[in-house]
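Just so you know, ligand 1 is whichever comes first in the structure, and atom 1 is the first atom listed for that ligand.
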Amino acid sequence: MEENYGPLLSVRKEIDNARKKLGLNNDIYEILKNPMRIIEVNLPVKLDDGSVKVFKAFRSQHSNALGIFKGGVRFSPLVTREEVMTLSMWMTFKTAIAGIVFGGGKGGVNLDPKKYSSSELERIARAYIDAISAYVGEEKDSIGPDVGTNEEIMGIMADEYEKLENRKAPGVTTGKPIAFGGSKGRSESTGLGVATILEAYFLNCGESLAGKTISLEGFGNVGSFFAKNVLEKNSKIIAIKELDYKSEPIYLYKEDGFSFDELVSLKESSYKNLTCGAKFISREDFLSLDVDVFAPCALENSIDEDEAKILNAKLVIEGANGPTTSRADEILKEKNVNVIPDILANSGGVIVSYFEWVQNRTSLYWTRDEVIERLINCLKSSFENVLEIKNSYNSTLREASYMFALKRINSALRAKRLI
Ligand SMILES: NC(=O)C1=CN([C@@H]2O[C@H](COP(=O)(O)OP(=O)(O)OC[C@H]3O[C@@H](n4cnc5c(N)ncnc54)[C@H](O)[C@@H]3O)[C@@H](O)[C@H]2O)C=CC1
Ligand SMILES: O=C(O)CCC(=O)C(=O)O
């Protein structure tokens, strides 16, 4: 239920705080506290054994004030209406900070992708597009990858949409395979972006990434490319939290730091084979490690009140969406732990999705170097814009991020004479 879903209450609180600090009246909050539209569908899909299973699926379209709805679709057993609503609201703020011509949306199908074959996942992806095709498209709502989905799924969804429409329309999804109009640099972009924002943060403090100790949660798309990029800048990842072969959390520690190849082979062995000298530690030991940075790159709500109390990192950078609960955020503030929020830190993915959408619409494709250069410039200017607000309002980075985004959304709504 909406009233009890913490992340939704948190994002509403952030919007309301930001509008009060900016001196805006309540109308903008009333407009933004709920998505404009939530599509809820049941997808009947034939499984490989001939039986039929019905999957619950959603697309939440929060705001198109600044551009078409945009955001990922996740395949996860945790997907709910409230989760998708909240994720779509974060997208609106993320795209506004990045200054790209997109609004916010998000989708999800409730399933555990590990339990289905690749042809079953293909039928689910096609059924999802069939069910929501009237509401999506390169001029309406463009879908990207998220937890449990990947470039293959994005390609299948675009293919299904083009068949339904009987025309080329690759921009209906982004994060596609390069052979099907995908952008170079999209798969690495979110993790690379998190590392770029972290570096910008330290440079602003007169420091560098070299020698910084990091603990990492989640080694999927975001976590792995984040790790690769910070390790290339000579940071040390000394601890990692992931899920083992039974989907139970495990915590690993290596005093002199993991190499990227070690992290990959640990994941490939489902954390059974600790040949690289890593050792298992407890949850409490993981959280109380004296590290420069903790990077949660898995799912929402991973830092709750209890965890925030134990956490001993000097800085948190949110690679995941919504990893810090509202109460945990307050505790970290009391402990003087700075938090670089998701809507700034993990915006690299949707920025390159925007570049992909632009390339699809112009049919003019860029080199990886061009994509990465534009991405880094965009992230640096987002960071500077947020920092300027932080300094003038003496706020946290999260508050400043919401304020910066809200100013942009407010201008667009005013231009439309909605407020
Ligand atoms: N993929 C993208 O481009 C973007 C993803 N994000 C966000 O980043 C987060 C991660 O997304 P992806 O890396 O794409 O997903 P993914 O599915 O590729 O990776 C998630 C990883 O987290 C691990 N994990 C799950 N629960 C965990 C737990 N309790 N403790 C430790 N590890 C756990 C999984 O085993 C998996 O390796 C999500 O919040 C997503 O919404 C945000 C922006 C863009
Ligand atoms: O690139 C996309 O559209 C997906 C981005 C996304 O879902 C996110 O930033 O959380």
Side-chain angles (χ1 to χ4, degrees), residues 7 60 68-79 83-84 86-95 97-98 100 102-108 112-114 141-151 153-154 157 171-176 182-183 185-194 215-227 239-252 263-264 266-268 270-271 283 286 295-303 307 318-324 342-357:
S60 171
I68 62 160
F69 302 107
K70 180 74 184 107
V73 57
R74 52 174 68 171
F75 283 3
S76 150
L78 303 177
V79 163
E83 183 189 58
V84 167
T86 312
L87 287 161
S88 71
M89 293 167 80
W90 283 322
M91 286 309 302
T92 298
F93 286 83
K94 196 183 297 188
T95 53
I97 293 170
I100 54 182
F102 278 158
K106 199 86 169 201
D112 180 352
K114 289 191 208 110
D141 182 352
S142 171
I143 297 167
D146 195 70
V147 174
T149 56
N150 53 28
E151 60 172 41
I153 299 285
M154 292 306 110
M157 287 185 174
V172 65
T173 69
T174 59
K176 298 179 293 294
S183 176
R186 174 61 183 90
S187 53
E188 67 198 275
S189 56
T190 310
L192 167 64
V194 181
S215 58
L216 172 66
E217 176 178 270
F219 192 72
N221 174 276
V222 179
S224 63
F225 283 107
F226 168 72
I240 170 157
K241 175 186 179 197
E242 247 292 346
L243 299 182
D244 68 7
Y245 65 101
K246 292 181 286 184
S247 292
E248 295 292 334
I250 46 110
Y251 306 85
L252 290 178
L263 289 169
V264 171
L266 284 165
K267 171 129 190 171
E268 281 170 359
S270 300
Y271 304 94
R283 169 182 169 274
F286 176 82
C297 296
L299 288 175
E300 301 94 270
N301 287 343
S302 66
I303 314 176
E307 272 159 342
E318 297 182 332
N321 286 310
T324 314
D342 44 13
I343 53 174
L344 171 64
N346 70 26
S347 56
V350 76
I351 292 170
V352 176
S353 278
Y354 173 67
F355 297 160
E356 181 170 326
W357 181 79

Trainee: What atoms of ligand 1 come closer than 4.0 angstrom to any heavy atom of Lys267?
Mentor: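 Contacts of ligand 1 toward Lys267, numbered from 1: 36 (C), 37 (O).
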Trainee: Answer side chain, backbone, both or neither: which part of Arg186 comes under 4.0 Å from ligand 1, heavy atoms only.
Mentor: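 Arg186 to ligand 1: side-chain contact only, backbone stays beyond 4.0 Å.
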Trainee: For the residue pair Tyr354 and Phe102, categorise the inter-ring angle as parallel (less than 30°), tilted (30 to 60°) or perpendicular (more than 60°).
Mentor: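 Because their plane-to-plane angle is over 60°, the rings of Tyr354 and Phe102 count as perpendicular.
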Trainee: So Lys267 and Ser224, side-chain contact (heavy atoms from CB on, under 4.5 Å) or not? Walk me through it.
Mentor: CA-CA 10 Å; Lys267 171 129 190 171; Ser224 63; over 6 Å; no
Trainee: Among all protein heavy atoms, pick out the one at the shortest distance from atom 4 (C) of ligand 2; state its residue, atom name and that distance to 0.1 Å.
Mentor: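 Of the protein heavy atoms, Gly72 N, 3.4 Å lies nearest.
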Trainee: State the atoms of ligand 1, each with its element, that fall below the 4.0 Å cut-off from a heavy-atom position in Ala320.
Mentor: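 Those qualifying, in numeric order: 8 (O), 9 (C), 39 (O).
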Trainee: If you have a sec, work out which protein heavy atom is nearest atom 3 (O) of ligand 2 and how many Å separate them, to one decimal?
Mentor: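 Protein heavy atom at minimum distance: Lys70 NZ, 2.7 Å.
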Trainee: Within a distance under 4.0 Å of any heavy atom of Ser353, pick out the atoms of ligand 2 and give their elements.
Mentor: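 Atoms satisfying the 4.0 Å criterion: 1 (O), 2 (C), 3 (O).
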Trainee: Using the rule given for side-chain contact (heavy atoms from CB on, under 4.5 Å), can you reason through Ser60 versus Leu87, listing the C-alpha separation, both sets of side-chain angles and the distance that settles it, and then say yes or no?
Mentor: CA-CA 8 Å; Ser60 171; Leu87 287 161; over 6 Å; no
Trainee: Considering only non-hydrogen protein atoms, determine which one is nearest to atom 9 (O) of ligand 2 and report residue, atom name and distance to 0.1 Å.
Mentor: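 The closest heavy atom on the protein side is Lys94 NZ, 2.7 Å.
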Trainee: Below 4.0 Å, non-hydrogen atoms only: which portion of Glu242 touches ligand 1? Side chain, backbone, both or neither.
Mentor: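 Both backbone and side chain.
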Trainee: Counting each atom of ligand 2 from 1 as listed, which ones have a heavy atom of Pro145 under 4.0 Å away?
Mentor: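 With Pro145 as reference, the close atoms of ligand 2 come out as 4 (C).
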Trainee: What protein heavy atom sits nearest atom 40 (C) of ligand 1, and how far away is it?
Mentor: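 Here the nearest protein heavy atom works out to Asp146 OD1, 3.3 Å.
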Trainee: Give the intermediate values and the outcome of side-chain contact (heavy atoms from CB on, under 4.5 Å) for residues Trp357 and Ile68.
Mentor: CA-CA 11 Å; Trp357 181 79; Ile68 62 160; 3.7 Å; yes
Trainee: Which atoms of ligand 2 sit under 4.0 Å from any heavy atom of Gly144?
Mentor: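 Counting from 1, the qualifying ligand atoms are 2 (C), 3 (O).
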Trainee: Could you tell me if any non-hydrogen atom of Glu300 lies under 4.0 Å from any atom of ligand 1?
Mentor: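 False for this residue.
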Trainee: Considering only heavy atoms of Val350, which atoms of ligand 2 have at least one such atom less than 4.0 Å away?
Mentor: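 Going through ligand 2 atom by atom, the ones under 4.0 Å from Val350 are 1 (O).
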Trainee: Among all the protein's non-hydrogen atoms, which is closest to atom 30 (N) of ligand 1, and how far away is it?
Mentor: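 Heavy-atom neighbour on the protein nearest atom 30 (N) of ligand 1: Lys241 CE, 3.4 Å.
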Trainee: Does Gly319 have a heavy atom less than 4.0 Å from any atom of ligand 1?
Mentor: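 Yes, that is the case, since the closest heavy atom of the residue is under 4.0 Å from the ligand.
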Trainee: Run the numbers for me: atoms of ligand 1, each under 4.0 Å from some heavy atom of Gly218, listed by number.
Mentor: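 Listed by number with element, the hits are 22 (O), 32 (N).
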Trainee: I need the nearest protein heavy-atom contact for atom 11 (O) of ligand 1: residue, atom name and distance, please.
Mentor: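 Closest protein heavy atom to atom 11 (O) of ligand 1: Val147 CG2, 3.6 Å.
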Trainee: Provide the number and element of each atom of ligand 1 under 4.0 Å from a heavy atom of Arg74.
Mentor: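 By the 4.0 Å cutoff, the relevant atoms are 38 (C), 39 (O), 40 (C), 41 (O).
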Trainee: In terms of residue, atom name and distance, what is the protein heavy atom nearest to atom 5 (C) of ligand 1?
Mentor: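 Checking every protein heavy atom, the shortest distance to atom 5 (C) of ligand 1 gives Val222 CG2, 3.4 Å.
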Trainee: Relative to the heavy atoms of Arg186, which atoms of ligand 2 are at a distance of less than 4.0 Å?
Mentor: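 Within the 4.0 Å cut-off of Arg186, ligand 2 contributes 1 (O), 2 (C), 4 (C).
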Trainee: Using a strict 4.0 Å cut-off to heavy atoms of Asn321, name the atoms of ligand 2 that fall inside it.
Mentor: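 Matching atoms, with element in brackets: 10 (O).
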Trainee: I'd like to check which ligand 1 atoms, numbered from 1 as shown, lie under 4.0 Å from a non-hydrogen atom of Gly148.
Mentor: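 In order of numbering, the contacting atoms are 17 (O).
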Trainee: Is there a side-chain hydrogen bond (donor to acceptor under 3.5 Å, both in side chains) between Ser353 and Arg186 once you walk through the steps?
Mentor: CA-CA 7 Å; Ser353 278; Arg186 174 61 183 90; 2.9 Å; yes
Trainee: From atom 7 (C) of ligand 1, work out which of Thr149, Val350, Asn321 has a heavy atom at the shortest distance.
Mentor: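 Comparing heavy atoms across Thr149, Val350, Asn321, the nearest one to atom 7 (C) of ligand 1 lies in Asn321.
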Trainee: Could you tell me the residue and atom name of the protein heavy atom closest to atom 3 (O) of ligand 1, and the distance to it rounded to 0.1 Å?
Mentor: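 For atom 3 (O) of ligand 1, the nearest protein heavy atom comes out as Thr190 OG1, 2.8 Å.
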Trainee: May I ask you to identify the nearest protein heavy atom to atom 10 (O) of ligand 2, giving residue, atom name and distance to one decimal place in Å?
Mentor: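 Ranking protein heavy atoms by distance from atom 10 (O) of ligand 2, first comes Lys106 NZ, 2.7 Å.
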Trainee: Quick one, Ser187 with Glu151, criterion side-chain hydrogen bond (donor to acceptor under 3.5 Å, both in side chains). Give me CA distance, side-chain angles, the key distance, then yes/no.
Mentor: CA-CA 8 Å; Ser187 53; Glu151 60 172 41; 5.3 Å; no
Trainee: Would you check the N or O atoms of Asn346, main chain and side chain alike, for any that come under 3.5 Å of an N or O of ligand 2?
Mentor: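 In fact, backbone or side chain, Asn346 has no N or O that close.
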Trainee: Give me the residue, atom name and distance of the protein heavy atom closest to atom 5 (C) of ligand 2.
Mentor: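 Ranked first by proximity to atom 5 (C) of ligand 2 is Met91 CE, 3.9 Å.
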Trainee: Have a look at ligand 1 and work out which part of Cys297, if any, has a heavy atom under 4.0 Å from it: side chain, backbone, both or neither.
Mentor: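 Only the backbone of Cys297 comes within reach of ligand 1.
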Trainee: Under a 4.0 Å threshold between the charged nitrogen and the carboxylate oxygen, would Arg74 count as salt-bridged to Glu300?
Mentor: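 Yes.
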Trainee: Starting from atom 1 (N) of ligand 1, what is the nearest protein heavy atom, named by residue and atom, and what distance separates them?
Mentor: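 I find the closest protein heavy atom is Asn221 OD1, 3.6 Å.
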Trainee: Can you sort out which atoms of ligand 1 are near Asn346, meaning under 4.0 Å from one of its heavy atoms?
Mentor: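 Reading through ligand 1 atom by atom, the close ones are 42 (C), 43 (C).
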Trainee: For atom 26 (N) of ligand 1, what's the nearest protein heavy atom and its distance?
Mentor: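 Checked against all protein heavy atoms, atom 26 (N) of ligand 1 sits closest to Leu243 CD1, 3.5 Å.
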Trainee: Taking 4.0 Å as the limit for heavy-atom contacts, which would you say applies to Ala298 with ligand 1: side chain only, backbone only, both, or neither?
Mentor: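 Both backbone and side chain.
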Trainee: Suppose we measure from atom 19 (O) of ligand 1 to each protein heavy atom; which comes out shortest, and what is that distance?
Mentor: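 Its nearest protein heavy-atom neighbour is Gly220 CA, 3.2 Å.
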Trainee: Run the side-chain hydrogen bond (donor to acceptor under 3.5 Å, both in side chains) test on Thr174 and Lys70 for me, step by step, so that the C-alpha distance in whole Å, both residues' side-chain angles and the decisive distance to 0.1 Å come before the verdict.
Mentor: CA-CA 10 Å; Thr174 59; Lys70 180 74 184 107; 2.8 Å; yes
